[in-house]
Amino acid sequence: MKTPFLTKEKAEEIISKYKTPFHIYDEKGICGNAKEFIDSFSWNKGFREYFAVKATPNPYILNLLKSLGCGVDCSSLTELMLVKELGFSGDEIMFSSNETPDEEFILAKQLGAIINLDDITLIPYLKKACGIPKKICLRYNPGGDFKINNTIMGNPSDAKYGLTRAQLSEAIKILKEEGVEEFGIHSFLASNTLTNDYYPTLAKVIFSAVKELTEEFNVKFTFVNLSGGVGIPYLPDAPKNDIKIISENVKKVYDEILASNGITPAIYTELGRYMLAPFGGLVTTAIHEKHIYKEYIGVDASAANLMRPAIYGAYHHITVLGKENEECNHTYDIVGSLCENSDKFAIDRKLPKIEIGDILFIHDTGAHGYSMGYNYNGKLRSAEIILQPNGEFKLIRRAETPSDYFATLDIYPEFEKYNKKK
Ligand SMILES: *Cc1c(COP(=O)(O)O)cnc(C)c1O
């Protein structure tokens, strides 16, 4: 069973101030989970989680994670600008981009961020753009199939990211000559994994490469970045990853391959989903019902607020607030208003009988939820609200207004009126 962190009473109190739809986040849940996660890796000196900004690029949330000791993982110019304004700098920023424009490298270098190179050709490109820093990270793509216990979890050879093993050697040789003193390595081989074996299996692949490269080139690897990919159970009966077991098993491979050979890099992670997804929900109101070949409930949110079901067919659990204990004896498609038949939050979902005006809580939208939103059909992005540990709520991003939608049309005199400051 999945229980929302939001009650119907609290939702109604919030809605009297901010109308639906909105994304809401649970501060207590975010902090508790982050502390537990960081604590589980305390065996590793220098361990740090670099929260993947793209998952939830909100200043309040980034500050919350900062106060717990997290860094940030950025991949674009505006993400770098965002974290700069929040006071992140130097080693607190990982810049893991690909197909990177030079202006992004320039800002990353100015901020002292750790630059993670996605390709060998980026070495001369970076050198020309802003010079090679003393510390650098390389993204590794081992190719082939990525298997965990004989199950194929991903196909690195089809992925656009990273350097081949041979290129890693070549890159290290070049970078050493360019004066690089500290190396890091990064690899991301499977997404939303629901197995305790993902990080340990990935760690084995990366640690082996680190050992070989250290011995081959006599260079110092000061960190290994296991990146993102630890998943969460979107389905109510799916098993949850056990972060303690994951960490213990990463430690086993670390001791066996690295520490026993005198190599002791810090471990970094770059999780987005695991840190935030369960602690966010999309709150939306049922505004229409329709009875044709199927039963539909139309809500005031759409795929523009949460894209995952439309693009991946992703499952997001739905609770009708106040009807948590009612029998799920109706079958509905829960749909948004886009002129796209993929705009369905749920298909053939068993739910209690829904009345117009019921408030629906769409679970697990805390990561890759709001941030993947878009303006198709002229739909506006929603607000983001945080539920604080004392039960109070706070607006952490206002909803878009038509002025925001028309902002880029301010080159036309007809649209100037929309851009007058309120
Ligand atoms: C998206 C991404 C992450 C975060 O992935 P999650 O699935 O949210 O954990 C981390 N690192 C990089 C480079 C990414 O692109």
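Indexing begins at 1, ligand by ligand and atom by atom, following the structure's order. Just so it is clear, the model here is predicted, and its values are computed rather than measured.
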Ligand 1 atoms in contact with [X] (distance to a heavy atom under 4.0 Å):
{"X": "Arg139", "result": "13 (C)"}
{"X": "Asp73", "result": "10 (C), 11 (N), 12 (C)"}
{"X": "His368", "result": "6 (P), 8 (O)"}
{"X": "Lys54", "result": "1 (C), 2 (C), 3 (C), 14 (C), 15 (O)"}
{"X": "Gly272", "result": "4 (C), 6 (P), 8 (O), 9 (O)"}
{"X": "Gly228", "result": "5 (O), 9 (O), 10 (C)"}
{"X": "Arg273", "result": "6 (P), 7 (O), 8 (O), 9 (O)"}
{"X": "Gly229", "result": "6 (P), 7 (O), 9 (O)"}

Residue-level breakdown please: for Asn192 versus ligand 1, do any non-hydrogen atoms fall below 4.0 Å on the side chain, on the backbone, on both, or on neither?
neither

Determine whether the side chain, the backbone, both or neither of Phe188 has a heavy atom under 4.0 Å from any heavy atom of ligand 1.
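The side chain, only.
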
contact_flag [X] ligand 1 heavy-atom lt 4.0 Å:
{"X": "Ala55", "value": "no"}
{"X": "Met275", "value": "no"}
{"X": "Leu271", "value": "yes"}
{"X": "Ala367", "value": "no"}

Any cation-pi pair here, Lys66 with Phe88, using under 6.0 Å and within 45°?
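Judged by the rule, Lys66 and Phe88 form a cation-pi pair.
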
Does NZ or CZ of Arg308 fall inside the cone over Tyr234's six-membered ring, less than 6.0 Å from its centre and within 45° of the axis?
yes

Salt-bridged, [X] to [Y], with N to O below 4.0 Å?
{"X": "Lys160", "Y": "Asp119", "answer": "no"}
{"X": "Asp91", "Y": "Lys135", "answer": "yes"}
{"X": "Arg381", "Y": "Glu400", "answer": "yes"}
{"X": "Lys211", "Y": "Glu215", "answer": "yes"}
{"X": "Glu248", "Y": "Lys252", "answer": "no"}

With sequence neighbours excluded, give me every side chain to side chain donor-acceptor pair (under 3.5 Å) pair touching residues 80-90.
none

Which of parallel (below 30°), tilted (30 to 60°) and perpendicular (above 60°) describes Phe361 and His363?
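The arrangement is perpendicular - the two ring planes meet at more than 60°.
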
Counting C-beta onward and ignoring hydrogens, is there a side-chain heavy-atom pair between Lys344 and Tyr296 closer than 4.5 Å?
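Result yes, sub-4.5 Å side-chain heavy-atom pair found.
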
Got the closest protein heavy atom to atom 10 (C) of ligand 1, with its distance?
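Residue, atom and distance for the closest contact: Glu270 O, 3.0 Å.
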
